[in-house]
K.L.:
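Input: one structure, supplied below.
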Amino acid sequence: MRPNIITEAGISTRLNQWWSSTPFITSGVTIICAAIYLACLLIGYDSYSEICFLPSAAASHFQVYRFYTSVLFHGSLLHVLFNMLTFVPLGTELERIMGSVRLLFLMFLLATTNAIFHLIVAFLVAYNPIYPVSYLVNECSIGFSGVIFSMIVIETSLSGVQYRSIFGLFNVPAKWYAWVLLILFQFLASNVSLLGHLSGILSGFAYTYGLFNYLLPGPSFYSSIEGWSVLSVCVRRPGFILCTGGTTYGQLPTHSNTSIAPSSLINGNFLRNISSWMPSRQSSTIQTSSTQEQEDPRFPGRGRTLASTGTEPTARESSANLHARHAALNTVRADATVIADQTDTFDEDLKKLVGMGFEKTQAEVALAAADGDPNVAIEILMSQQD
């Protein structure tokens, strides 16, 4: 008998495995932020006042570019290292849920809304008549942490967990997780932008409560981008996740094409989520009707009156039969609709694979073998080419 030889992978091997499992957009954003910091370090660039988010400059000179340059630049090695180590697991999880293109659009939306919330809060606090704090409009903020706080709120909402651990020391309710981190970072770290992190939390909650629904495009928007021939090289990479192939759990906010008034959106989604924060009293309601028949507990069920012939159904039985037939008909129609939708989805995914350069026959076989999952189909086709 040969002894079992247990080999432990080295650090470089583990890092390669960890990085290879990181999806396309998450790894791309990480590389861009790291490359920008290294470039600034090599050329000696330190004029952060020109690219940081400065509320006074953004408002007075309409410097909208600060919304996005402030997100990509970092002030120190620890700053970029800590932000990216926090972003990679969050981005990986959200990209697998949403898809690569949807995550990229989400980060663009969050960077924009974070800056808008930052502007609003800074000017409200600076010019309030009770206790003005004017330095907030002249505070320069840089870093990806505002978007990270938004993603923490969104990922916590989608995961459905009840509690989250704070550095492995203690657990807090998931709804308060981002707020606890906000307070802890203010005490544990120096030179931290309270308003930048707070704006990220506000944007995250606004997204999860459906307030951005009318800013979100429908699934066809992401599908059309994935079908661009220019992006075929990116789409065919193993780390690229199609929006139709993500493992979704929870509820992703999306644009609704139905004619719903904004007031009904707020009353439905927003107030429903707000009410979940408040304790509610459980009460049982008993519906009674004067025309409803009372059953004898000794003889459960429904019987016939004595001396009735039983050949003609009663009005109630006829109504029940009609309802049963109507329900069966609706079930058949629903099944037909589901089959039609599945066929349309299969055809759309097949067109995407053909647009990426795969042969139609091979793409159809691979898509069928993957049970309609385009990501698995791409892996099958790539393995066949190898």
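In what follows, residues are counted from 1 in the order of the sequence shown. Keep in mind it's a predicted model, so treat the numbers as computed, not measured. The basis for the numbers below is simple: all heavy atoms, side chains too, and nothing from hydrogens, waters or symmetry mates.
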K.L.:
Are the side chains of Val235 and Lys352 in contact, using a 4.5 Å heavy-atom criterion?
P.N.:
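No, their side chains stay 4.5 Å or more apart.
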K.L.:
Which atoms form the tightest heavy-atom contact between Ile36 and Leu72, and what is the distance?
P.N.:
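Shortest heavy-atom separation between Ile36 and Leu72 comes out as CD1-CB, 3.7 Å.
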K.L.:
Would you call the rings of His79 and His74 parallel, tilted or perpendicular if under 30° counts as parallel and over 60° as perpendicular?
P.N.:
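Geometry flag for His74 against His79: perpendicular rings.
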K.L.:
Rounded to the nearest 0.5 Å, what separation is found between the CG atom of Leu41 and the CG atom of Asp46?
P.N.:
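Reported to 0.5 Å precision, the distance equals 10.5 Å.
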K.L.:
Between Tyr37 (side chain) and Leu77 (backbone), is there a donor-acceptor pair under 3.5 Å?
P.N.:
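Between the backbone of Leu77 and the side chain of Tyr37 there is a qualifying donor-acceptor contact (under 3.5 Å).
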K.L.:
With clusters built from Ile, Leu, Val, Met, Phe, Trp and Tyr whose side-chain heavy atoms come within less than 4.5 Å, directly or transitively, what are the remaining members of the cluster of Leu124, listed by chain and number?
P.N.:
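Besides Leu124, the cluster holds Phe53, Phe62, Val64, Phe67, Tyr68, Phe108, Ile116, Leu119, Ile120, Phe123, Tyr127, Val137.
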K.L.:
Indicate the atoms forming the closest heavy-atom contact of Arg96 with Ser21, along with that distance.
P.N.:
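Looking at all heavy atoms of both residues, the shortest contact is NH2-O, 3.0 Å.
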K.L.:
Does a side-chain heavy-atom distance below 4.5 Å link Phe240 with Pro23?
P.N.:
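Side chain of Phe240 against side chain of Pro23, heavy atoms only: no contact under 4.5 Å found.
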K.L.:
Heavy-atom distance under 4.5 Å between the side chains of Phe87 and Met107, does that happen here?
P.N.:
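Yes; the side chains approach each other to less than 4.5 Å.
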K.L.:
By the definition side chain to side chain contact (heavy atoms under 4.5 Å, CB included), identify the one residue from Ser141, Ser145, Ser150 that meets it with His197.
P.N.:
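Running side chain to side chain contact (heavy atoms under 4.5 Å, CB included) over Ser141, Ser145, Ser150 with His197 returns exactly one hit, Ser145.
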K.L.:
Is there a path from Val29 to Val147 through hydrophobic residues (I, L, V, M, F, W, Y) whose side chains come within less than 4.5 Å of each other?
P.N.:
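Yes; Val147 is reachable from Val29 via cluster members.
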K.L.:
Counting only heavy atoms from other residues, nucleotides and ligands, does the tally under 6.0 Å from CG of Asn128 exceed 12?
P.N.:
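Yes.
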K.L.:
Write down the atom of Asn138, the atom of Ser56, and the distance for their closest heavy-atom approach.
P.N.:
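Scanning both residues, the minimum pair turns out to be OD1-OG, 3.2 Å.
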K.L.:
Looking at CD1 of Ile31 and OG1 of Thr22, how far apart are the two atoms once the value is rounded to the nearest 0.5 Å?
P.N.:
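Result: 9.5 Å between the selected atoms.
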K.L.:
Does Leu94 belong to the same Ile/Leu/Val/Met/Phe/Trp/Tyr cluster as Phe221, with side-chain heavy atoms less than 4.5 Å apart forming each link?
P.N.:
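Looking at the clustering, Phe221 is in the same group as Leu94.
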K.L.:
Begin from the C-alpha positions of Phe185 and Phe149 and carry the test side chain to side chain contact (heavy atoms under 4.5 Å, CB included) through to its verdict.
P.N.:
CA-CA 12 Å; Phe185 282 135; Phe149 267 88; 3.6 Å; yes
K.L.:
Which heavy atom of Thr69 sits nearest to which heavy atom of Ile51, and what is that distance?
P.N.:
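Heavy atoms only, the tightest pair is OG1-O, 2.8 Å.
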K.L.:
Does the side chain of Arg66 come within less than 4.5 Å of Cys52's, by heavy atoms?
P.N.:
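Result yes, sub-4.5 Å side-chain heavy-atom pair found.
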K.L.:
Can you name the nearest heavy-atom pair linking Leu215 to Phe105, along with the distance?
P.N.:
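In terms of heavy atoms, the two residues are closest at O-CZ, 3.6 Å.
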K.L.:
Taking OH in Tyr163 as the centre, count heavy atoms belonging to other residues, nucleotides or ligands within less than 6.0 Å. Is the count above 12?
P.N.:
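Atom OH in Tyr163 is not packed in, count stays at 12 or less.
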K.L.:
Using modelled atom types and a 3.5 Å cut-off, is there a donor and acceptor pairing between side-chain atoms of Ser223 and backbone atoms of Ser220?
P.N.:
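Not confirmed, Ser223 side chain does not pair with Ser220 backbone.
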K.L.:
If you count the non-hydrogen atoms of other residues, nucleotides and ligands that lie under 6.0 Å from CG in Leu169, is the total more than 12?
P.N.:
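Counting other residues, nucleotides and ligands, CG of Leu169 exceeds 12 neighbours.
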K.L.:
So does Ser224 get a backbone contact from the side chain of Trp228, meaning a donor-acceptor N/O pair under 3.5 Å?
P.N.:
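Yes; judged by distance alone, with no hydrogens or angles, the pair exists.
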K.L.:
Measuring from Leu231:CG to Cys234:SG, what's the distance to the nearest 0.5 Å?
P.N.:
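Between Leu231 CG and Cys234 SG, I get 5.5 Å after rounding to 0.5 Å.
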K.L.:
Rounded at 0.5 Å granularity, tell me how far CD1 in Ile166 sits from CG in Asn171.
P.N.:
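Answer for the CD1-CG pair, Ile166 versus Asn171, is 8.5 Å.
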K.L.:
Could you go through Leu109 and Leu216, starting from their C-alpha distance and side-chain angles, then the distance that decides it, and tell me whether this counts as side chain to side chain contact (heavy atoms under 4.5 Å, CB included)?
P.N.:
CA-CA 9 Å; Leu109 177 65; Leu216 301 176; 3.6 Å; yes
K.L.:
Enter the distance from Thr113:OG1 to Phe212:CZ here, rounded to the nearest 0.5 Å.
P.N.:
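Between Thr113 OG1 and Phe212 CZ, I get 4.0 Å after rounding to 0.5 Å.
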K.L.:
Spell out, yes or no, whether Val192 and Tyr135 are grouped together once hydrophobic residues are joined by side-chain heavy atoms under 4.5 Å, including indirect joins.
P.N.:
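No, Val192 and Tyr135 fall in different hydrophobic clusters.
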K.L.:
Salt bridge (charged side-chain N to carboxylate O under 4.0 Å, His left out) with Arg164: which residues, sequence neighbours excluded?
P.N.:
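Salt bridge (charged side-chain N to carboxylate O under 4.0 Å, His left out) check on Arg164 returns Glu155.
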K.L.:
Roughly how far, to the nearest 0.5 Å, is CE of Met151 from CD of Glu93?
P.N.:
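Rounded to the nearest 0.5 Å, the CD-CE separation comes to 10.5 Å.
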K.L.:
With a 4.5 Å cut-off on side-chain heavy-atom distances among I, L, V, M, F, W and Y, is there a chain of contacts connecting Phe205 to Leu194?
P.N.:
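The answer is yes; both residues are in one hydrophobic cluster.
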K.L.:
Look at the side chain of Glu95 and the backbone N and O of Thr26, then say whether any donor-acceptor pair between them is shorter than 3.5 Å.
P.N.:
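Yes, the answer is positive, given that a donor and an acceptor are paired below the 3.5 Å cut-off.
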K.L.:
Taking the side chain as every heavy atom from C-beta outward, state whether Val71 and Ile142 have any atom pair closer than 4.5 Å.
P.N.:
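When only atoms from C-beta onward are counted, Ile142 and Val71 do not touch, as no gap falls below 4.5 Å.
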K.L.:
Between Ile97 and Leu103, is there a side-chain heavy-atom distance shorter than 4.5 Å?
P.N.:
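They are not in contact (no side-chain heavy atoms under 4.5 Å apart), so the answer is no.
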K.L.:
Say whether Val133 and Leu202 are linked into one hydrophobic cluster, either directly or through other cluster members, by side-chain heavy-atom distances under 4.5 angstrom.
P.N.:
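In one cluster: yes.
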K.L.:
If only atom types and distance count, is the side chain of Ser100 paired as donor or acceptor with the main-chain N or O of Phe24 below 3.5 Å?
P.N.:
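A pair under 3.5 Å: no.
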K.L.:
Would Ser203 and Asn114 count as having a side-chain donor-acceptor pair, cut-off 3.5 Å?
P.N.:
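Note: Ser203 and Asn114 side chains meet the donor-acceptor criterion.
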K.L.:
Would you say that Phe170 contacts Ser165 through its side chain, given a criterion of any heavy-atom pair below 4.5 Å between the two side chains?
P.N.:
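Result no, sub-4.5 Å side-chain heavy-atom pair not found.
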K.L.:
Quick one, Tyr222 and Met98 - any side-chain contact, counting heavy atoms below 4.5 Å?
P.N.:
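The answer is no, as the side chains (C-beta and beyond) never meet within the 4.5 Å cut-off.
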